[in-house]
Each structure stands twice: as structure tokens, then as C-alpha cells.
Amino acid sequence: MSSPNPSTRRAAPPERPLLGALLRLANQIMGQELVRWLAASGHADIQPAHCAAIQALWTRPEGARLTELAQAARVTKQSMGALVDHLCRVGHAERVEDPDDRRASRVRLTARGRAFTKEVRAFVRGVEANWTRRVGARRIRDLQETLAAIVLESAETP
């Protein structure tokens with residue numbers, strides 16, 4: 001019996017990236033869009049990494065301690081401290097006395113930070129609308145619901 005001719009063998013289809021890789025790649029695409037928008041919109045003093053702090057502060061108008069922000073963003077306290085220091089320097093955030101513990105401080109968005117957050121959220125909604133046009137509303141809605149379920153389940157599980 002002869003061996004098969006190598007020129008007639010079919011190549012195996014490329015393996016699909018794992019879910020984690022796809023999530024990372026999609027996040028990188030969003031990050032690239034954000035970088036372009038930041039430069040074009042006059043917000044060159046903000047980098048995508050700062051959005052971890054801004055997003056956590058958006059949901060806490062009364063402010064939050066640095067440790068809470070770090071936990072929400074899943075970064076170290078030192079990393080969050082550097083992000084917050086920058087945001088305070090450029091006027092998007094401020095440190096205020098914590099009313100529950102005068103020895104501690106809270107970080108909160110300034111008026112400039114809240115205005116920026118509204119702008120960046122509108123930009124992201126535009127990117128999502130573009131993705132919806134490209135792949136379909138149902139697929140985007142299913143993706144959002146699935147990711148929200150994963151995130152909520154992960155938050156509830158220690």
C-alpha cells in the first residue's frame with residue numbers, strides 16, 4: 001500500500017483562538033479606537049489605562065477609597081495610586097476627606113472628570129453601534145448578556 005501523496009493532503013483548518021484571546025483582542029481593538037479618539041478630541045492627557053479609575057469613580061459619585069478603586073479595577077493599590085495621581089494632576093479627579101474616617105481620603109471625579117466620562121461613554125456607545133451594524137444587534141446583545149453573566153458570577157464567587 002502506498003503512502004498518500006503529500007500534495008493531496010488537506011491542511012487542518014486553523015484552530016480558533018480561545019475565548020480569553022478573543023476577549024483580549026476585542027479589548028485591544030476598543031483600546032486602539034479609544035487612543036485615536038483621545039488624541040482627536042483634545043484629551044491627550046488621558047490614556048486608556050486611566051479609564052479603569054474613571055469607570056470605577058463613575059459608579060461612585062460620592063467617591064471611593066483608593067483600595068476600593070483598585071479592587072474594582074482588579075489592579076494593585078500602587079497602580080491605582082499612580083492613575084489617580086495623574087487624574088488629580090490634570091483636574092479629572094480630586095482627593096477629599098472621607099466623612100466616615102477623617103484619617104482616610106476618598107477620590108472622586110471633578111466636574112471636568114464627569115464631563116470627560118460623559119464624552120467617553122458616548123464615544124464607546126458609538127463604537128458599539130458600529131459593531132452592531134457590522135455583526136448584528138442580536139449578536140451584540142447576546143455577547144453583552146453573556147459577558148455580564150460571567151462578570152456577575154465571578155463577582156459572587158470568591
Side-chain angles (χ1 to χ4, degrees), residues 12-96 98 105-158:
E15 190 173 320
R16 176 179 282 171
L18 296 175
L19 180 59
L22 290 171
L23 290 169
R24 181 181 48 77
L25 293 168
N27 186 54
Q28 287 176 341
I29 291 167
M30 177 65 82
Q32 291 166 349
E33 294 288 330
L34 180 59
V35 166
R36 282 192 280 277
W37 177 81
L38 287 167
S41 65
H43 295 292
D45 55 351
I46 300 293
Q47 294 298 311
H50 295 111
C51 292
I54 291 170
Q55 182 178 12
L57 289 169
W58 176 254
T59 60
R60 296 170 175 87
E62 72 286 356
R65 290 184 182 179
L66 195 61
T67 53
E68 296 168 331
L69 296 176
Q71 288 171 346
R74 296 186 171 145
V75 299
T76 65
K77 184 178 173 185
Q78 293 78 9
S79 294
M80 183 56 69
L83 295 172
V84 166
D85 286 346
H86 179 82
L87 291 173
C88 289
R89 253 190 327 277
V90 299
H92 285 78
E94 62 185 352
R95 286 186 170 86
V96 296
D98 187 330
S105 66
R106 288 187 185 190
V107 179
R108 66 179 180 201
L109 291 173
T110 61
R112 182 176 187 209
R114 288 188 301 277
F116 169 78
T117 302
K118 289 177 185 176
E119 288 180 50
V120 77
R121 290 173 66 85
F123 160 75
V124 171
R125 282 190 197 97
V127 172
E128 290 177 359
N130 180 36
W131 290 358
T132 298
R133 284 189 295 278
R134 291 170 51 198
V135 302
R138 183 177 186 141
R139 291 173 77 185
I140 293 294
R141 185 179 59 250
D142 288 348
L143 176 62
Q144 288 171 321
E145 289 173 2
T146 300
L147 292 175
I150 291 169
V151 168
L152 289 174
E153 175 66 27
S154 295
E156 294 172 1
T157 306

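Remember, it's a predicted structure, so these values are computed and weren't measured experimentally.
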Item to check | Verdict with supporting geometry, Leu57 and Val84, side chain to side chain contact (heavy atoms under 4.5 Å, CB included) | outcome: CA-CA 10 Å; Leu57 289 169; Val84 166; 5.5 Å; no
Item to check | side chain to side chain contact (heavy atoms under 4.5 Å, CB included) between Glu62 and Arg108, intermediate numbers included | outcome: CA-CA 7 Å; Glu62 72 286 356; Arg108 66 179 180 201; over 6 Å; no
Item to check | Stepwise side chain to side chain contact (heavy atoms under 4.5 Å, CB included) test for Leu87 and Ile46 | outcome: CA-CA 8 Å; Leu87 291 173; Ile46 300 293; 3.5 Å; yes
Item to check | Full working for salt bridge (charged side-chain N to carboxylate O under 4.0 Å, His left out) between Arg89 and Asp85 | outcome: CA-CA 6 Å; Arg89 253 190 327 277; Asp85 286 346; 5.3 Å; no
Checklist entry - Can you list the steps and then say if Arg36 with Glu33 is a salt bridge (charged side-chain N to carboxylate O under 4.0 Å, His left out)? => result CA-CA 5 Å; Arg36 282 192 280 277; Glu33 294 288 330; 3.1 Å; yes
Item to check | Step-by-step side chain to side chain contact (heavy atoms under 4.5 Å, CB included) determination, Asn130 to Arg133 | outcome: CA-CA 5 Å; Asn130 180 36; Arg133 284 189 295 278; 3.7 Å; yes
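Contact detail for Lys118 and Trp58: the closest heavy-atom pair is CG-CH2, 3.9 Å. When all heavy atoms of Leu34 and Cys51 are compared, the closest pair comes out as CD2-SG, 3.9 Å. The two atoms that bring Ala73 and Met80 nearest to each other are CB-CE, 3.5 Å, heavy atoms only.
Taking a 6.0 Å sphere around CZ of Arg95, one finds it holds more than 12 heavy atoms contributed by other residues, nucleotides or ligands. Heavy atoms of other residues, nucleotides or ligands lying less than 6.0 angstrom from CD of Gln55 number 12 at most.
Side chain of Ser105 to main chain of Asp98: no donor-acceptor pair is present (N/O by atom type, distance under 3.5 Å, no hydrogens or angles). Remark: side-chain polar atoms of Thr110 are paired, donor with acceptor, to backbone N or O of Gly91 under 3.5 angstrom. Put simply, the side chain of His86 never gets that close to the backbone of Leu83: no donor and acceptor are under 3.5 Å apart.
Side-chain contact between Ile140 and Glu128: absent, with no pair of heavy atoms (C-beta onward) separated by less than 4.5 Å. For the pair Leu38/Pro48, a side-chain contact is recorded, criterion being any heavy-atom separation below 4.5 Å from C-beta on. At a threshold of 4.5 Å between non-hydrogen side-chain atoms, the residues His43 and Glu119 count as touching.
Annotation: the span from Thr59 atom OG1 to Ile54 atom CD1 amounts to 12.5 Å, rounded to 0.5 Å. Here the straight-line distance linking atom CD1 of Ile150 with atom CG of Leu19 works out to 6.0 Å at 0.5 Å rounding. The line from CG of Leu66 to CD of Gln71 is 10.5 Å long, rounded to the nearest 0.5 Å.
Relative ring orientation between His92 and Phe116 is described as perpendicular, the plane-to-plane angle rising above 60° on a 0-90° scale split at 30° and 60°.
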